[in-house]
Protein chains: 2
Amino acid sequence: MMNADMNTASQILDVAERTMRQAGYNAVSYRDIAGEVGIKSASLHYHFPKKEDLGTALVRRYAEKFRQNLIENIGEQNKSQNKIAAFVLNYRQALEAQGLICLCAVLGAEVFGLPASVTAEVKVFFETNLDWLTAQYEEMNKAHPEDHAKTTLALLEGAMIVSAVNSDMTIFDSAANLILADCK
Amino acid sequence: MMNADMNTASQILDVAERTMRQAGYNAVSYRDIAGEVGIKSASLHYHFPKKEDLGTALVRRYAEKFRQNLIENIGEQNKSQNKIAAFVLNYRQALEAQGLICLCAVLGAEVFGLPASVTAEVKVFFETNLDWLTAQYEEMNKAHPEDHAKTTLALLEGAMIVSAVNSDMTIFDSAANLILADCK
DNA sequence: GTCTATAATTTGATAGAC
DNA sequence: GTCTATCAAATTATAGAC
């Protein structure tokens with residue numbers, strides 16, 4: 001009986017993640033989440049006293065899932081080129097399979113209106129991504145690994161947004177191809 | 001006496017644009033806008049009956065301003081390389097001077113929660129950008145001008161978000177340099 | 001952990017006077 | 001064009017029973 005539905009907190013985060021990635025931080029209400037989970041909104045406050053707590057927990061879990069998924073996608077690969085490919089795939093799956101933009105792209109776009117603690121978690125996600133990418137480009141002996149890391153992350157986050165608005169996956173794929181071509 | 005403050009509608013749009021670019025569509029309220037403009041929220045409905053009307057008018061004006069600003073930045077230039085540089089500068093000025101992310105990046109991130117008419121205007125903005133960029137890359141005899149256009153737009157929109165979250169303009173500049181280097 | 005009940009505030013929106 | 005007055009609904013949040 002160890003299925004995911006046993007944990008109410010994780011169910012709350014599941015619903016919150018989907019709705020926030022669809023419509024942003026302010027579009028998500030305790031009442032709507034509670035309705036979908038099947039409890040009352042007052043009960044939500046037991047798990048996450050303030051909305052800010054829900055926001056930070058959400059981004060933290062998202063970052064951890066991203067990390068775990070990356071490890072899975074990398075599998076047995078040990079060449080940096082293939083690790084970058086796994087990284088790009090990580091983002092692509094989120095967009096195509098679930099039809100959702102990266103949580104941190106959505107929250108990042110609203111950055112000047114977010115609680116400071118939520119912004120801090122989004123920043124950690126981006127910095128972790130940049131550090132990891134920089135390490136890969138270093139291993140590939142690129143001249144300016146930090147620059148490569150910055151452009152790769154920006155490309156993926158931006159491509160998700162433009163792709164979603166225009167309902168056109170070829171935008172994401174152009175970005176992905178540019179990143180992969182640069183690794184050859 | 002032809003100053004901008006004469007037109008209440010444009011004052012409303014000024015405040016709405018700034019706050020939406022800071023915190024997203026749902027973070028902006030009629031009451032807050034009215035307070036800053038110095039009128040009552042009921043009066044706002046005279047100019048924009050529904051919030052959806054305000055949203056569409058906002059994106060339409062933003063797209064037009066972007067177009068006008070691009071023409072100014074291009075100036076006497078007639079080489080496509082320099083036109084692309086003006087395009088990049090257009091985005092950079094928004095971020096650095098005003099400290100704000102592109103309106104359409106912010107709204108685009110919330111795309112699955114926006115009124116359909118607002119989404120449509122954001123899509124027009126992106127498509128216009130893509131068409132213009134494609135024309136420039138065609139003139140430069142690039143092999144796949146549409147791909148170049150897609151990656152350039154995605155890079156700029158994504159770079160604004162990551163730069164803003166990390167309070168680090170070098171992220172935007174890495175993206176800008178990649179675009180400009182590709183034009184040489 | 002979840003509930004009922006409730007509070008204080010904010011939201012988009014309308015009617016009608018001036 | 002802007003105002004007052006008003007509305008119904010939604011928001012985050014708390015107190016206290018079970």
Side-chain angles (χ1 to χ4, degrees), chain A residues 1-20 22-59 106-107 110 112-119 121, chain B residues 1-20 22-59 106-107 110 112-119 121:
Chain A
M1 297 297 181
M2 277 288 290
N3 74 49
D5 289 19
M6 280 188 65
N7 189 341
T8 304
S10 77
Q11 280 182 268
I12 292 166
L13 291 175
D14 287 344
V15 175
E17 182 181 322
R18 198 196 69 242
T19 50
M20 261 191 212
Q22 285 173 338
Y25 185 82
N26 291 295
V28 176
S29 80
Y30 269 46
R31 195 175 126 258
D32 290 343
I33 297 172
E36 278 202 60
V37 172
I39 57 176
K40 295 294 173 182
S41 75
S43 308
L44 254 171
H45 289 276
Y46 168 80
H47 300 278
F48 305 100
K50 314 275 175 189
K51 194 176 180 182
E52 199 175 332
D53 302 319
L54 174 61
T56 55
L58 193 53
V59 181
V106 175
L107 296 182
E110 311 179 305
F112 302 114
L114 290 179
S117 60
V118 178
T119 299
E121 293 295 334
Chain B
M1 297 300 178
M2 276 288 289
N3 75 50
D5 289 19
M6 281 188 65
N7 190 341
T8 304
S10 77
Q11 280 182 267
I12 292 166
L13 291 175
D14 288 345
V15 174
E17 181 180 322
R18 199 195 69 244
T19 50
M20 262 192 211
Q22 285 171 338
Y25 185 83
N26 292 294
V28 176
S29 81
Y30 269 46
R31 192 175 129 261
D32 290 344
I33 297 172
E36 277 202 60
V37 172
I39 57 176
K40 296 293 172 181
S41 75
S43 307
L44 254 171
H45 288 276
Y46 168 80
H47 299 279
F48 305 100
K50 313 276 175 187
K51 193 175 181 182
E52 200 175 330
D53 302 320
L54 174 61
T56 55
L58 194 52
V59 180
V106 175
L107 296 183
E110 311 179 305
F112 302 114
L114 290 179
S117 60
V118 178
T119 299
E121 293 296 333

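We find that CD1 of B:I33 is positioned 17 Å from C1' of D:dT2, with the value rounded to whole Å. As rounded to whole Å, 10 Å separates atom C1' of D:dG1 from atom CD1 of B:I12. Rounded to a whole Å, the CG atom of A:L44 is 12 Å from the P atom of D:dT11. Atom CG in A:N26 sits roughly 12 Å away from atom C1' in C:dT10 (whole-Å rounding). Rounded to whole angstrom, the span from the OH atom of A:Y30 across to the C1' atom of C:dT10 amounts to 18 Å. Protein atom CG of A:N7 is 12 Å distant from nucleotide atom C1' of C:dG1, rounded to whole Å.
Between B:K51 atom NZ and B:T56 atom OG1 the span is 13.0 Å, to the nearest 0.5 Å.
A donor-acceptor pair under 3.5 Å is formed between the side chain of A:Y30 and the backbone N or O of A:K50. Looking only at distances, no side-chain donor or acceptor of A:Y25 sits under 3.5 Å from a matching main-chain atom of B:A23.
Of the residues near DNA chain D, A:A42 and A:D32, the one whose nearest nucleotide (by heavy atom distance) lies more toward the 5' end is A:D32. In terms of position on DNA chain D, the residue among A:K50 and B:I39 whose nearest nucleotide sits closer to the 5' end is B:I39.
Distances shorter than 4.0 Å separate none of the side-chain N or O atoms of A:S29 from OP1 or OP2 on D:dA10. Within the 4.0 Å cut-off from OP1 or OP2 of C:dT2, not a single side-chain nitrogen or oxygen of A:K40 is found. For the OP1/OP2 pair of C:dG1 and a distance below 4.0 Å, the side-chain nitrogens and oxygens of A:Y46 include at least one atom meeting the criterion. Look at B:S41 and you won't find any side-chain N or O under 4.0 angstrom from OP1 or OP2 of C:dT11. Distances shown here put a side-chain N or O of A:S43 below 4.0 Å from the OP1 or OP2 atom of C:dC3. OP1 and OP2 of C:dT2 both lie 4.0 Å or more from every side-chain N or O belonging to A:H45.
Counting any heavy atom pair closer than 4.0 Å across all strands shown, A:V28 reaches sugar-phosphate atoms only and no base atom.
In terms of heavy-atom proximity, A:E36 sits nearest to A:T19 at OE2-CG2, 4.2 Å.
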